[in-house]
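Below is one structure, written out as structure tokens; comments come after it.
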Amino acid sequence: VFSVIERLWSELRLDRRGTVVALGGGAATDAAGFAAATYLRGVPWVAVPTTLVGQVDASIGGKTAIDIPQGKNLVGAFHWPVLTVIDPTVLSTLPERERRQGEAERIKTELLAGRPLDARAAAAYKAALCLRDPEDRNERRWLNLGHTFGHALEAAADFDLPHGEAVALGLLAALRLSGRDTAPVEKLLAPKPVHVDRDRAWEALLRDKKVEGGDVHLVLLGADGPRVEVRPPAEVRAALDSLIA
Ligand SMILES: NC(=O)c1ccc[n+]([C@@H]2O[C@H](COP(=O)([O-])OP(=O)(O)OC[C@H]3O[C@@H](n4cnc5c(N)ncnc54)[C@H](O)[C@@H]3O)[C@@H](O)[C@H]2O)c1
Ligand SMILES: [Zn+2]
């Protein structure tokens with residue numbers, strides 16, 4: 001949030017040799033990372049994520065951002081932390097609801113990797129993808145598995161749907177379109193169909209940045225691993241509808 005960033009800018013007392021240490025959830029590390037990216041045109045920062053979302057997702061990959069009234073993550077910068085400290089013991093106080101948000105991203109990463117991953121291993125997997133493709137043109141896009149559907153549901157729910165729950169539903173759709181068993185996701189994340197308007201959700205999906213020229217580009221799981229595929233709109237719409245109560 002902007003007032004937080006203004007305070008950081010005005011209260012930081014650092015020269016270029018100083019380092020910002022960000023301790024907290026994704027909201028805190030995104031904001032402190034953005035302050036570090038912009039203060040003195042960039043000072044180093046260290047991320048110490050204290051939520052599962054932070055440990056497996058938000059503090060990995062160098063994206064920092066703040067929300068402004070015009071939109072989420074609208075102002076930001078790529079600024080990799082010099083170090084990310086992942087200590088699973090800090091999660092002991094995390095409320096179950098917050099943990100479930102991170103579980104959805106961790107399980108998404110397991111599906112991409114094709115093997116079980118704890119938080120640290122999921123973080124390492126994401127870091128490797130981001131280092132190989134820092135500009136989001138190739139493998140990094142795999143991290144959108146389930147997100148095209150998830151974002152559409154979030155938009156249709158006026159963002160009154162936690163991101164992790166939307167992603168859990170999106171993973172179901174991605175698994176179905178990939179011809180994969182959905183049982184593991186149903187068992188681990190127990191996603192429940194949401195009450196949103198079907199047409200609104202579909203329109204939101206079509207506005208998604210992965211839709212080019214009417215074709216829907218989706219991250220799906222093939223025999224050799226993840227890949228970006230084009231699927232006919234009717235098939236995609238049916239998969240989206242299956243997530244809506
Ligand atoms: N930069 C990226 O690539 C990226 C990726 C994913 C998400 N994000 C961003 O991350 C944010 C969500 O992060 P989040 O899910 O960590 O939420 P959050 O930062 O809002 O934290 C959730 C809640 O948990 C509390 N909390 C934090 N650590 C705790 C602990 N150890 N014990 C008890 N409570 C604790 C926080 O105070 C807060 O109330 C969003 O703003 C999202 O846009 C960024
Ligand atoms: Zn996500």
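Atoms within a ligand are numbered from 1 in the order they appear, just like the ligands themselves.
Within a 4.0 Å radius of atom 37 (O) of ligand 1, the protein has no heavy atom. Distance check for atom 25 (C) of ligand 1: every protein heavy atom is found at 4.0 Å or beyond.
The only option from T109, T29, T84 that meets the side chain to side chain contact (heavy atoms under 4.5 Å, CB included) definition with I60 turns out to be T84. Among T50, L91, D118, the one residue that satisfies the side chain to side chain contact (heavy atoms under 4.5 Å, CB included) test with Q55 is L91.
Close approach of ligand 1 to K126 (heavy-atom distance below 4.0 Å) involves ligand atoms 3 (O). Near D57, meaning under 4.0 Å from any of its heavy atoms, are these atoms of ligand 1: 5 (C), 6 (C). The ligand atoms of ligand 1 that sit less than 4.0 angstrom from a heavy atom of G26 are 10 (O), 11 (C), 13 (O), 14 (P), 16 (O), 19 (O).
For D15, the salt bridge (Lys or Arg N to Asp or Glu O under 4.0 Å) partners are R17, not counting sequence neighbours.
Checking only distances, A27 does come within under 3.5 Å of ligand 1, N or O to N or O. For V90, a nitrogen or oxygen atom sits less than 3.5 Å from a nitrogen or oxygen atom of ligand 1, counting backbone and side chain alike.
Counting only heavy atoms of the protein, atom 32 (N) of ligand 1 lies nearest to T93 OG1, 2.7 Å. Closest to atom 21 (O) of ligand 1 among all protein heavy atoms lies T51 CG2, 3.8 Å. Given atom 22 (C) of ligand 1, the protein heavy atom at minimum distance is E98 OE1, 3.4 Å. In terms of protein heavy atoms, atom 8 (N) of ligand 1 is closest to A58 CB, 3.6 Å. Here the protein heavy atom with the shortest distance to atom 35 (C) of ligand 1 is L94 CD1, 3.7 Å. Scanning the protein for heavy atoms near atom 28 (N) of ligand 1, the closest one is T50 OG1, 2.7 Å.
Taking each heavy atom of L243 and A173 in turn, the nearest pair found is CD1-CB, 3.9 Å.
Side chains of W45 and T19: no donor on one and acceptor on the other come within 3.5 Å. Side-chain contact annotation: S242 with R176, donor-acceptor N/O pair under 3.5 Å present.
Angle subtended at the Zn ion (ligand 2) by H147 NE2 and E105 OE2: 110°, rounded to 10 degrees.
Using a 4.0 Å cut-off between heavy atoms, V53 contacts ligand 1 through its side chain alone, with no backbone atom that close. With a heavy-atom cut-off of 4.0 Å, R97 does not touch ligand 1 at all. At a heavy-atom cutoff of 4.0 Å, ligand 1 is contacted by the side chain of K72 but not by its backbone.
Using a cutoff of 4.0 Å between basic side-chain nitrogens and carboxylate oxygens, D158 and R200 are scored as salt-bridged. Ion pairing between a basic and an acidic side chain is recognised when a charged N comes within 4.0 Å of a carboxylate O; K63 and D57 show no such pairing.
None of the N, O or S atoms belonging to D57 lies under 2.8 Å away from the Zn ion (ligand 2).
Although no hydrogens or angles enter the test, the distance criterion places no donor-acceptor pair under 3.5 Å between the side chain of E229 and the main chain of L218.
Under the 4.0 angstrom criterion for non-hydrogen atoms, D30 is in contact with ligand 1.
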- Quick one: do D133 and R137 satisfy salt bridge (Lys or Arg N to Asp or Glu O under 4.0 Å)? Show the steps, please. CA-CA 7 Å; D133 177 23; R137 288 173 205 218; 5.8 Å; no
What side-chain donor-acceptor pairs closer than 3.5 Å can you find for residues 64-73, not counting sequence neighbours?
residue : atom : partner : partner atom : Å
T64     : OG1  : A77     : O            : 2.9
D67     : OD1  : N73     : N            : 2.7

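The 12-atom threshold is exceeded at CZ of R198, counting heavy atoms of other residues, nucleotides or ligands nearer than 6.0 Å.
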